[in-house]
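What follows is a short report on a single structure.
Both backbone and side-chain heavy atoms feed into the values below; hydrogens, waters and symmetry mates do not. This chain uses plain numbering: 1 for the first residue, then up along the sequence. On a predicted model such as this, the values are computed, not experimentally measured, just so you know.
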Amino acid sequence: MFNIRMFEDILREQVRRKELSVHTMDGYLRCIRKLEKVAGNRDGPPAVILEESINKLCLGNKQLAKYITAVKKYERDVLNSSQLLLYGEPLIRLRKKQQTTLKGKKLSYTETIYNHKINALKDVKLKLALRLQKQSGLRISEISDLTKSDIFFDENDRNIKLRVRNGKGRKARDVHVMHDEYLFDHLKALIEPLENSEKAFYTVAYLKKQAGEHDMETHDFRRINARQRFREEITEGEGKRKARSAVSRELGHSKPKITNLYLGDEWDDGGEEDEQG
């Protein structure tokens, strides 16, 4: 069904031109390879086969979107059309199913329990990586990508600022880490011996694996950070929309509705009233 070799060549050229990150390329290829394996050599309309294959791989979970996106990317880049593989009623049904999962995800544990889990880690580098993710709201891939030169310490107010060079969509942004005295001192000590170009933490695969082995979902730390930032903005007197905008900037979201999902009940409880002025 898929010409994976051609797709990979196109994606690698996009990476070379800095239109795509390696992490994003790997994600697209991983999805298409899984679909190729599940779909096999079955006969029938491609859209129906892909709908069934995606449902089988996702089992109704939040990963629907990434498979749909990968197929549409393949259609555009390899087939030069958006309606040759996944389209019509099968696509509509998948989109509707996707919408039912697009609600603020409940945390696997409370913020307090997650704090205890992180603090109990024996591996200092792992502990600081996950604590930094929780305090910054970075994606785990962005944490893994940090070098010493991307981390700035303000000695006056003892705050940390991070430079994300290759965020989602290859967008760069500066992120202000929520105040954490322990993190300030210990992270500074951890990266002190490093060269400026050296990575501060482990690979993204290792970070995810270790977090999983300690029963932690790394993306929960982005949700926790979003809600903490939102509450902080509201406490300082900002209206809900301005508070959400501040959270969106720090997390690197392009659309407010994405931030709404991270805020969950924090946003739903207050509705979407317009601000004055």
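Between Leu126 and Ile118 there is no side-chain heavy-atom pair separated by less than 4.5 Å. A 4.5 Å side-chain heavy-atom check between Ile68 and Arg95 finds at least one atom pair inside the cut-off. Residues Arg131 and Asn119 are in side-chain contact: their nearest non-hydrogen atoms beyond the backbone lie under 4.5 Å apart. The closest side-chain heavy-atom distance from Leu187 to Asp180 is not below 4.5 Å. Side-chain contact between Glu89 and Ile92 is present, with heavy atoms from C-beta onward closer than 4.5 Å. You'll find the side chain of Leu162 stays beyond 4.5 Å of the side chain of Glu142, heavy atoms only. When side chains are defined from C-beta on, Glu19 does not count as touching Glu13, because their heavy atoms never get closer than 4.5 Å. Side-chain contact between Leu130 and Gln133 is present, with heavy atoms from C-beta onward closer than 4.5 Å.
Salt-bridge annotation for Arg231 and Glu111: present, with a side-chain N of the basic residue lying under 4.0 Å from a carboxylate O of the acidic one. Ion pairing between a basic and an acidic side chain is recognised when a charged N comes within 4.0 Å of a carboxylate O; Glu8 and Arg5 show no such pairing. With respect to the salt-bridge test (charged N to carboxylate O, under 4.0 angstrom), the residues Asp150 and Arg165 qualify.
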So Glu233 and Lys242, salt bridge (Lys or Arg N to Asp or Glu O under 4.0 Å) or not? Walk me through it.
CA-CA 8 Å; Glu233 293 288 331; Lys242 286 186 177 179; over 6 Å; no
In sequence, state the C-alpha distance, the side-chain angles, and the governing distance for Gln14 and Met25, and then conclude on side-chain contact (heavy atoms from CB on, under 4.5 Å).
CA-CA 9 Å; Gln14 292 174 357; Met25 176 190 72; over 6 Å; no
Where do Ile143 and Leu132 land on the side-chain contact (heavy atoms from CB on, under 4.5 Å) test, with the steps shown first?
CA-CA 8 Å; Ile143 289 289; Leu132 181 62; 3.9 Å; yes
Given the rule in the side-chain contact (heavy atoms from CB on, under 4.5 Å) test, do Val175 and Leu251 qualify, once you have shown the distances and angles that lead to the verdict?
CA-CA 8 Å; Val175 175; Leu251 267 65; over 6 Å; no
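Under the 4.5 Å side-chain heavy-atom criterion for grouping Ile, Leu, Val, Met, Phe, Trp and Tyr, Val124 is connected to Ile151 within one hydrophobic cluster. Hydrophobic clustering (ILVMFWY, side-chain heavy atoms < 4.5 Å, transitive): Leu50 and Leu84 are in one cluster. By the criterion of side-chain heavy atoms lying less than 4.5 angstrom apart, applied directly or through intervening Ile, Leu, Val, Met, Phe, Trp or Tyr residues, Leu194 is grouped together with Leu207 in one hydrophobic cluster. Note on Met178 and Leu146: separate hydrophobic clusters, where clusters join Ile, Leu, Val, Met, Phe, Trp and Tyr whose side-chain heavy atoms are under 4.5 Å apart, directly or indirectly. The cluster map of Ile, Leu, Val, Met, Phe, Trp and Tyr, joined by side-chain heavy atoms under 4.5 Å apart, puts Val48 and Leu91 in different clusters.
What you find for Pro193 and Ala189 is that their closest heavy atoms are CD-O, 3.6 Å. Of all the heavy atoms in Leu86 and Ala47, the pair that sits closest is CD1-O, 3.9 Å. In terms of heavy atoms, Lys127 sits closest to Leu121 at CE-O, 3.0 Å. Between Arg163 and Ala172, the closest heavy-atom pair is NH2-CB, 3.6 Å. Arg222 approaches Gly137 most closely through the heavy-atom pair NH1-O, 2.5 Å. Nearest heavy-atom pair, Arg229 versus Ser136, reported as atom, atom and distance to 0.1 Å: NH2-O, 3.0 Å.
Here CG of Leu128 is found 11.0 Å from CG of Asp185. Values are rounded to the nearest 0.5 Å. How far NE2 of His214 is from NZ of Lys122: 9.5 Å, rounded to the nearest 0.5 Å. Note: Ile160 CD1 to Arg158 CZ = 9.0 Å, rounded to the nearest 0.5 Å. Taking CD1 of Ile54 as the reference point, atom NZ of Lys66 lies at 11.5 Å (rounded to 0.5 Å). One finds the CG atom of Leu11 at 10.0 Å from the OG1 atom of Thr24 (value rounded to the nearest 0.5 Å). Put simply, CG on Leu261 and NZ on Lys255 are 11.5 Å apart, with the number rounded to the nearest 0.5 Å.
Checking Thr147 against Ser149 by side-chain atom types alone, a donor-acceptor pair falls below 3.5 Å. Inspection of the Asn225 and Glu250 side chains reveals no N or O donor paired with an N or O acceptor under 3.5 Å. Side-chain atoms of Ser108 and Asp220 form a donor-acceptor pair, as typed in the model, at a separation below 3.5 Å.
Qualifying salt bridge (charged side-chain N to carboxylate O under 4.0 Å, His left out) partners for Glu75, counting only residues two or more places apart in sequence or in other chains: Lys72. Looking at residues two or more places apart in sequence or on another chain, you find no salt bridge (charged side-chain N to carboxylate O under 4.0 Å, His left out) involving Asp123. Partners of Lys171 under the salt bridge (charged side-chain N to carboxylate O under 4.0 Å, His left out) rule, at least two apart in sequence or in another chain, do not exist in this structure. Every side chain to side chain contact (heavy atoms under 4.5 Å, CB included) that Asp215 has, sequence neighbours left out, goes to Tyr109, Lys117. Take Asp26 and apply the salt bridge (charged side-chain N to carboxylate O under 4.0 Å, His left out) test, not counting sequence neighbours, and it matches no residue. Every residue meeting the side chain to side chain contact (heavy atoms under 4.5 Å, CB included) condition with Arg42, not counting sequence neighbours, appears here in chain and number order: Ile49, Glu52, Ser53. Residues that satisfy the side chain to side chain contact (heavy atoms under 4.5 Å, CB included) test with Thr203, not counting sequence neighbours, are Ala205, Tyr206.
In this structure, Lys34 fails the cation-pi test against Tyr67, since its NZ or CZ atom is not both closer than 6.0 Å to the six-membered ring centre and inside 45 degrees of the ring normal.
Identified under the ring-ring contact (aromatic ring centres under 6.0 Å, His included) test for residues 72-91, with sequence neighbours left out: Phe2-Tyr74, Phe7-Tyr74. Sequence neighbours left out, the pairs with a member in residues 164-187 that pass ring-ring contact (aromatic ring centres under 6.0 Å, His included) are Phe153-Phe184, Tyr182-His186. The ring-ring contact (aromatic ring centres under 6.0 Å, His included) contacts involving residues 229-259 comprise His253-Tyr262, where partners must be two or more places apart or lie in separate chains. Each salt bridge (charged side-chain N to carboxylate O under 4.0 Å, His left out) pair with one or both residues in residues 187-204, not counting sequence neighbours, appears once here: Asp145-Lys199, Glu155-Lys188. Applying the ring-ring contact (aromatic ring centres under 6.0 Å, His included) rule to pairs touching residues 8-58 yields nothing, sequence neighbours excluded.
For Lys148, the NZ atom counts as densely surrounded, since its 6.0 Å shell holds more than 12 non-hydrogen atoms of other residues, nucleotides or ligands.
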